[in-house]
Amino acid sequence: MPVIAIDGPSASGKGTLASRVAESLGFHYLESGALYRLVALASMRAGISESDEEPLAGLSARLDARFSAGGIFLSGEDVTEALRGEDIGNLASSVARLPRVRAALLERQREYRQAPGLVADGRDMGTVVFPDAVLKVFLTASVQVRAERRYKQLIDKGIGANLASLSRDLAERDERDTKRAAAPLVPAPDAVQLDSSDLSVEEVVRQVEQMARRKLE
Ligand code: CDP
């Protein structure tokens, strides 16, 4: 079953790109970051510290998560909005450092590989989860462009945001995601690297769709 892996740093636009490409190919879509965000939210609610690996791994293995067109559900509760906050994103990046948390989520991610195919976005789709993906894209953009995009996204959703602190948080998150020992954020050797700083969403979607169709021929 073909997989298209789209990896990259926070706010690089990989979610929009991946969901658009999935829709146009009629493929399933896996937003792997949402799983780490769900673990972050569930751990916050359960009062588990972000460095307590054992209980966090247990919680990840038992996570009752459901993705549907209507939203993302945790134990039956719609948590789509709760997951989007920067606090949850930052906590997700902390729990994502833990190898046992990553291991607990690995098979779950691979279960999304179903007919007719899958587009998966995250940090390690092309390197660890789907190393045999037919197409691997590593999407980047400058910190400044990403901070501006994230700022706009949050403001549009009615969530308060501050550009300077977003920019700082993104740089910190990049550093943590890139430097960690377990599945760090690095392009797979066979990934196509795409810098979207000066490209519109439409242009990036068009380029990746073209590459995908060529690979799937
Ligand atoms: O939307 P944004 O790119 O900020 O984050 P996300 O994709 O929702 O992921 C949240 C956090 O989960 C990231 O900062 C990563 O540390 C972690 N993550 C990961 O480690 N591996 C993945 N495949 C996806 C996300």
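Both counts, for ligands and for their atoms, begin at 1 and track the order of listing. Note that the numbering runs from 1 along the sequence shown for the chain. Keep in mind it's a predicted model, so treat the numbers as computed, not measured.
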Practice item. Kindly determine whether R173 and S93 satisfy side chain to side chain donor-acceptor pair (under 3.5 Å), including the steps that lead there. Key: CA-CA 7 Å; R173 188 117 61 98; S93 147; 4.8 Å; no
Exercise for review: Give the residue and atom name of whichever protein heavy atom lies nearest to atom 11 (C) of ligand 1, and the separation in Å to one decimal.
Suggested key: A92 CB, 3.8 Å
Practice item. Under 4.0 Å, heavy atoms only, figure out whether ligand 1 is touched by the backbone of R102, its side chain, both or neither. Key: side chain
Check your understanding: Are any of the side-chain nitrogens in D169 or R150 under 4.0 Å away from the carboxylate oxygens of its partner?
Key -> no
Check your understanding: Just by modelled atom types, is the I48 backbone N or O under 3.5 Å from a matching donor or acceptor in the D52 side chain?
Key -> no
Review point. Out of R173, M125, R123, whose heavy atom is nearest to atom 19 (C) of ligand 1?
Key: R123
**Study point:** Proximity to ligand 1 by part of R146, non-hydrogen separation under 4.0 Å
**Key:** neither
Exercise for review: May I ask you to check whether D121 and Y29 show a side-chain donor-acceptor distance below 3.5 Å?
Suggested key: yes
Review point. Quick one: do the R149 and T16 side chains pair a donor with an acceptor below 3.5 Å?
Key: no
Exercise for review: Write out the residue and atom name of the closest protein heavy atom to atom 24 (C) of ligand 1, then the distance separating them to 0.1 Å.
Suggested key: S32 OG, 3.4 Å
Point to revise | side-chain contact (heavy atoms from CB on, under 4.5 Å) partner of L163, chosen from R168, K152, E148 | key: E148
Check your understanding: For the hydrophobic clusters of this structure (ILVMFWY residues joined by side-chain heavy atoms under 4.5 Å, transitively), does one cluster hold both L118 and V205?
Key -> no
Exercise for review: Say whether R176 and ligand 1 are in contact under the criterion: heavy-atom distance to a ligand atom below 4.0 Å.
Suggested key: no
Exercise for review: Just let me know how A183 lines up against ligand 1, side chain, backbone, both or neither, with a heavy-atom cut-off below 4.0 Å.
Suggested key: neither
**Study point:** Exercise: do Y36 and R102 side chains pair donor with acceptor under 3.5 Å
**Key:** yes
Review point. Nearest protein heavy-atom contact for atom 9 (O) of ligand 1: which residue, which atom, what distance?
Key: G33 CA, 3.6 Å
Check your understanding: Hey, which atoms in ligand 1 end up nearer than 4.0 Å to a heavy atom of A11?
Key -> 3 (O)
**Study point:** Residue, atom name and distance, where the atom is the protein heavy atom closest to atom 3 (O) of ligand 1
**Key:** K14 NZ, 2.8 Å
Practice item. If you have a sec, work out which protein heavy atom is nearest atom 16 (O) of ligand 1 and how many Å separate them, to one decimal? Key: D177 OD1, 2.7 Å
Practice item. Would you mind checking which non-hydrogen protein atom is closest to atom 5 (O) of ligand 1, with the distance to 0.1 Å? Key: R37 NH2, 3.3 Å
Review point. What residue and heavy atom of the protein are closest to atom 12 (O) of ligand 1, and at what distance?
Key: Y36 CB, 3.5 Å
**Study point:** atom 17 (C) of ligand 1: the protein heavy-atom neighbour that sits closest, reported with distance to 0.1 Å
**Key:** A96 CB, 3.7 Å
Practice item. Taking only Lys NZ, Arg NE, NH1 and NH2, and the carboxylate oxygens of Asp or Glu, determine whether R20 and E202 approach each other closer than 4.0 Å. Key: yes
